[in-house]
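Worth saying up front: this structure is predicted, and the values here are computed from it rather than measured. In what follows, every heavy atom counts, from backbone to side chain, and hydrogens, waters and symmetry copies are set aside.
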Amino acid sequence: MEEHRLFSLASSLADSVVSGRAPTDISRLLSLSIPFDDVVETIYMADKILDDHSSDFSHCSTLGILGTVIAIYRERAMTDKDSSEDLTTRWKVAHELCDLVACNQAFEDCKDGDIYDLDAVWQLIGLSTWIVSLTEKLLKECVISSNLDSSGSKKGNGGDVSVSSPSQLPDGPILLHISHPYFLDTFVMALYHVQRFCTYVKSLDPRGKTAQIARDVTVDLISNYAIDVPALLATLEPIRQEVRSFERKG
């Protein structure tokens with residue numbers, strides 16, 4: 001499809017996000033009528049239009065476009081049998097990105113300073129379990145990608161590392177959690193919420209029945225997953241701040 005036609009679609013999609021209108025016609029067109037590469041390019045262009053016209057650095061407009069992305073990928077996954085598995089993975093990751101934003105909001109709504117609402121303790125434990133499980137899955141993908149980068153490369157004539165085959169390139173949509181500025185910020189905030197919530201629950205007076213059970217479940221949550229949340233945050237936080245600094249300069 002011609003570039004000006006893609007830009008027109010992207011502009012319409014961006015306008016629907018800003019105005020709060022459902023981009024039904026655009027979604028249907030992108031779901032059924034044009035090549036997938038053009039779909040990806042249109043979404044990228046729409047996100048860039050929104051980002052360029054944003055008055056801050058929050059990337060909230062990116063979240064606004066995710067609903068459309070989910071709808072498009074789900075629809076195409078049902079009609080494009082050859083790419084169904086890949087498209088399904090993509091829309092599920094997009095859904096996870098939205099879920100993570102919702103998790104952060106839930107933690108904010110259920111706390112006052114460093115104190116969390118004990119009436120919501122089981123729901124927050126459930127959210128913490130999901131976040132830790134997602135983190136474990138993300139770290140596994142990082143390890144796989146790192147291994148592919150090491151084993152699937154070779155030295156060129158000039159000594160540079162080059163990939164021996166395009167099929168060996170890592171392609172994990174879940175890595176979007178840490179490769180996009182907005183979603184990196186969202187992911188780091190979720191880890192902070194888990195860390196603070198677990199610290200709070202462990203500090204509760206164990207004489208209360210609810211507090212004792214919550215403490216035990218939280219300890220199990222931490223011990224059952226081979227993830228050092230404070231160490232992971234110590235690694236990601238400098239990257240997060242560097243990205244923020246770069247965006248402000250840009």
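At a threshold of 4.5 Å between non-hydrogen side-chain atoms, the residues Lys48 and Met45 do not count as touching. Counting heavy atoms from C-beta on, the side chains of Leu134 and Ile174 come closer than 4.5 Å. For the pair Thr135/Leu191, a side-chain contact is recorded, criterion being any heavy-atom separation below 4.5 Å from C-beta on. In this structure, Tyr73 and Ile43 have side chains that are in contact, with non-hydrogen atoms separated by less than 4.5 Å. Between His177 and Leu100 there is a side-chain heavy-atom pair separated by less than 4.5 Å. The shortest side-chain heavy-atom distance between Ser16 and Thr24 does not fall under the 4.5 Å cut-off. Side-chain contact between Asp25 and Ser12: absent, with no pair of heavy atoms (C-beta onward) separated by less than 4.5 Å. Proximity of Ile213 to Trp122: side-chain heavy atoms (C-beta onward) are separated by under 4.5 Å at one or more points.
Atom CG of Asp15 is separated from atom OG of Ser19 by 5.0 Å, given to the nearest 0.5 angstrom. To the nearest 0.5 Å, the span separating OG on Ser128 from CZ on Arg196 amounts to 12.5 Å. In this structure, CG on Leu233 lies 10.0 Å from CE on Met189, to the nearest 0.5 angstrom. If you take CG on Leu138 and CD1 on Ile178, they are separated by 5.0 Å, rounding to the nearest 0.5 Å. The CZ atom of Arg90 sits 12.5 Å away from the CD1 atom of Ile72 when rounded to the nearest 0.5 Å. To the nearest 0.5 Å, the span separating CG on Leu9 from NE2 on His4 amounts to 10.5 Å.
Looking at every heavy atom in both residues, Ala14 comes nearest to Ala46 through CB-O, 4.0 Å. For Ile227 against Leu139, the heavy-atom pair with the smallest separation is CG1-CD1, 4.2 Å. Nearest heavy atom pair, residue Glu75 against residue Ser31, reads CG-CB, 3.5 Å. The shortest heavy-atom contact between Ile70 and Ala94 is CG1-CB, 3.6 Å. Between Cys110 and Leu124 the shortest heavy-atom distance is CB-CD1, 3.9 Å.
Panel note: side chain Thr129, backbone Ile125; a donor-acceptor pair is recorded below 3.5 Å. Checking side-chain atoms of Asp112 against main-chain N and O of Ile115 turns up no donor-acceptor pair under 3.5 Å. The closest donor-acceptor contact from the side chain of Arg76 to the backbone of Leu30 lies under 3.5 Å. A donor-acceptor pair under 3.5 Å is absent between the side-chain atoms of Thr42 and the main chain of Ala10, judged by distance alone. Using a distance-only test at 3.5 Å, with no hydrogens or angles considered, a donor-acceptor pair links the side chain of Thr199 to the main chain of Gln195. Side chain of Asp38 to main chain of Leu6: no donor-acceptor pair is present (N/O by atom type, distance under 3.5 Å, no hydrogens or angles).
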Q.
For Val39 and Phe36: C-alpha separation, side-chain torsions, deciding distance, then whether side-chain contact (heavy atoms from CB on, under 4.5 Å) applies.
A. CA-CA 5 Å; Val39 172; Phe36 183 67; 4.3 Å; yes
The test is side-chain contact (heavy atoms from CB on, under 4.5 Å); show your working for Ile239 and Leu184 and say whether it passes. CA-CA 9 Å; Ile239 300 172; Leu184 171 63; 4.1 Å; yes
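Few gaps surround CZ on Arg215; more than 12 heavy atoms of other groups in view lie less than 6.0 Å from it. In the displayed structure, Glu108 atom CD is contacted under 6.0 Å by more than 12 heavy atoms of other residues, nucleotides or ligands. Heavy atoms from other residues, nucleotides or ligands lying under 6.0 Å from NZ of Lys111 number more than 12. Environment of CZ in Phe7: sparse, with no more than 12 heavy atoms of neighbouring residues, nucleotides or ligands closer than 6.0 Å. Other residues, nucleotides and ligands contribute only 12 or fewer heavy atoms inside 6.0 Å of the CG atom of Asp114.
Aromatic ring centres of Phe187 and Tyr192: separated by at least 6.0 Å.
Salt-bridge formation is detected for the pair Asp185/Arg240: a Lys NZ or Arg NE/NH1/NH2 atom is positioned less than 4.0 Å from an Asp or Glu carboxylate oxygen. Salt bridge present: Glu96 and Lys137 bring a charged side-chain N and a carboxylate O closer than 4.0 Å.
Below 30°, between 30° and 60°, or above 60°: for Tyr116 and Phe197 the angle between ring planes is above 60°, a perpendicular geometry. Using bins of under 30°, 30° to 60° and over 60° for the plane-to-plane angle, the ring pair Phe183/His180 lands in the tilted bin.
Of the listed residues (Leu176, Val101, Leu97), just one forms a side-chain contact (heavy atoms from CB on, under 4.5 Å) with Tyr182, and that residue is Val101.
Under a hydrophobic-cluster definition in which Ile, Leu, Val, Met, Phe, Trp and Tyr are linked whenever side-chain heavy atoms come within less than 4.5 Å, directly or via other members, Val69 and Val18 are assigned to the same cluster. Clustering ILVMFWY residues whenever any of their side-chain heavy atoms sit less than 4.5 angstrom apart, transitively, puts Leu87 in a cluster other than the one holding Met78.
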